[in-house]
Amino acid sequence: MSTFERSANRIGAPWQRTAEGANLLGPDGSLGVTIFEEITTLANSVGAINLGQGFPDEDGPLSIREAARAAITAGANQYAPGKGILELRTAVARHQNRFYGLQPDPETEVIITTGATEAIAATLLALTGPGDEVLTFEPFYDSYGAVIGLSGATHTTAPLLAPDFQPDLAALEAAFTGRTKVVLINNPHNPTGAVFPREVLARVVELAARHDAVIVTDEVYEHLTFGVQHIPLATLPGAAERTLTISSAGKTFSLTGWKIGWLSGPAELVAAVRTVKQFLSYSSGSPFQLAIAGGLDLGDEFYEGIATTLERKRDILSSGLRAAGLEVLPSRGTYFINVDTSSLGITDATALARQLPSLVGVAAIPVPVFCHPEGAERTRSLLRFAFCKKEEVLQEAAGRLAALQGKLQGKLQGH
Ligand code: PMP
Ligand code: GLN
């Protein structure tokens with residue numbers, strides 16, 4: 001029997017299939033949960049402000065929520081087609097055209113998935129297996145490591161280094177090998193908040209073409225950039241024919257619990273992903289699919305508004321973190337901002353993340369959990385905070401964090 005080991009709580013350990021049988025236990029012998037679940041549970045247990053797991057504390061547009069309610073009342077309550085409801089596939093194609101000038105065929109080049117998470121899983125399971133390599137930047141979103149492990153492929157990485165978290169292009173080139181089957185890019189990037197410029201994306205396309213690799217690009221934060229333009233990888237010359245683009249309604253519409261995602265790209269690659277996807281969830285959320293179809297057509301003021309609002313939130317939290325004595329690293333997109341806790345003399349951000357909720361009443365995620373062992377060492381003192389929360393909540397969190405330095409000193413002195 002083959003299965004895979006989990007690593008979410010085994011900081012820095014890659015997920016992998018093993019020949020020995022099931023091993024789903026964490027280092028303390030407990031059943032494993034993701035770092036997001038662990039920190040959210042911890043935050044709730046002590047009533048801390050949860051700036052760990054990235055979910056907004058305000059729901060998305062009422063018009064979309066009302067549309068879901070109306071769809072339920074009107075009877076959209078049975079299975080959607082495996083590839084997704086036509087209205088939503090068409091709306092995704094319209095969105096790709098309106099914002100990026102792409103023209104996917106909604107019949108053959110778009111599928112709807114259960115969140116971006118399922119699109120990522122189905123893609124990696126469809127395209128990779130033992131002997132293949134999947135290349136990602138490091139730090140990487142947690143599900144990438146887990147699903148690459150499930151597929152049996154090997155996870156290779158190219159580092160993103162603080163403070164700006166842009167890749168060294170020579171290191172990126174060196175990370176590609178003859179076995180690189182998929183290069184999985186996440187832009188804008190979780191957890192770092194980096195947004196990759198055209199020259200980085202162009203190099204990815206050039207290297208993928210040289211090694212005949214498929215590009216998978218996770219752009220769930222596509223509309224959440226601050227003062228820099230998001231460049232969809234599929235729009236670069238030579239990219240479209242080898243690129244699968246993944247996104248989701250969760251972040252754009254502040255509806256993370258609906259789990260409606262999508263994937264678009266060349267028909268033969270989309271067909272391969274659809275084949276696997278139908279045996280994962282088959283299909284998802286009929287009324288939610290219909291409601292998101294309408295949401296994607298919201299006017300420009302909506303799309304501009306979400307980025308402006310979030311940028312203001314980033315600035316509030318960032319001033320609070322700076323005032324607390326932490327070194328704040330730049331965030332140009334996503335829900336997240338990172339700090340280097342070594343400015344407070346801390347060397348182990350993971351240990352701090354486990355104490356922070358009870359210490360000051362704020363929760364955050366340690367960056368090493370998004371890394372393999374070497375990367376975990378490089379990011380040992382980094383902590384990720386989510387700023388997708390009400391402004392007053394962020395102000396309150398900033399106030400609580402102001403006490404951090406004093407509390408840490410108090411701990412050192414043993415009181
Ligand atoms: N990719 C990235 C980079 C993410 O941050 C997340 C989580 N929000 C996902 C994928 C998963 O998206 P979904 O909730 O739509 O499955
Ligand atoms: N994407 C969210 C984050 O990075 C978490 C989603 C989850 O809990 N799986 O915080």
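Start at 1 and go down the list; that is how both ligands and their atoms are numbered. In this chain, residues are counted from 1 in sequence order. Since the structure is predicted, the reported quantities are computational estimates derived from the model, not experimental observations.
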(message) If I take atom OG from residue Ser254 and atom CZ from residue Phe55, how far apart are they, to the nearest 0.5 angstrom?
(response) 12.0 Å
(message) For Ser151 versus Leu125, what's the shortest heavy-atom pair and its separation?
(response) CA-CD2, 3.8 Å
(message) With rounding to the nearest 0.5 angstrom, report the CH2 to CD distance, Trp262 to Glu118.
(response) 14.0 Å
(request) Tell me yes or no: between the side chains of Asn190 and Thr334, is some donor less than 3.5 Å from an acceptor? (result) no
(request) Provide, to 0.1 Å, the distance between atom 11 (C) of ligand 1 and the closest protein heavy atom, together with that atom's residue and name. (result) Thr117 OG1, 3.3 Å
(request) To the nearest 0.5 angstrom, please state how far the CD atom of Glu138 sits from the OG1 atom of Thr192. (result) 12.0 Å
(message) I need the nearest protein heavy-atom contact for atom 15 (O) of ligand 1: residue, atom name and distance, please.
(response) Ser248 OG, 2.7 Å
(message) Students should be able to answer this: which protein heavy-atom is nearest to atom 14 (O) of ligand 1, and at what distance?
(response) Lys259 NZ, 3.2 Å
(request) Provide, to 0.1 Å, the distance between atom 10 (C) of ligand 1 and the closest protein heavy atom, together with that atom's residue and name. (result) Asp218 OD2, 3.4 Å
(request) Just go through Tyr144, Phe336, Tyr141 and tell me whose heavy atom is the nearest to atom 9 (C) of ligand 1. (result) Tyr141
(request) Anything with a heavy atom under 4.0 Å from ligand 2 counts, so go ahead and list those protein residues by chain and number. (result) Phe36, Gln53, Gly54, Tyr141, Asn190, Lys251, Phe336, Arg384
(request) If you have a sec, work out which protein heavy atom is nearest atom 8 (N) of ligand 1 and how many Å separate them, to one decimal? (result) Lys251 NZ, 1.5 Å
(message) Return the CG to CG distance between Leu317 and Leu51, rounded to the nearest 0.5 Å.
(response) 6.0 Å
(message) Within the 3.5 Å criterion, strictly below it, is a donor on Thr177 or His211 matched to an acceptor on the partner's side chain?
(response) no
(message) Pairs of nitrogen or oxygen atoms closer than 3.5 Å, one from Asn190 and one from ligand 1: do any exist?
(response) yes
(message) Checking a contact table here: which protein heavy atom is nearest atom 12 (O) of ligand 1, and how many Å away?
(response) Ala116 CB, 3.6 Å
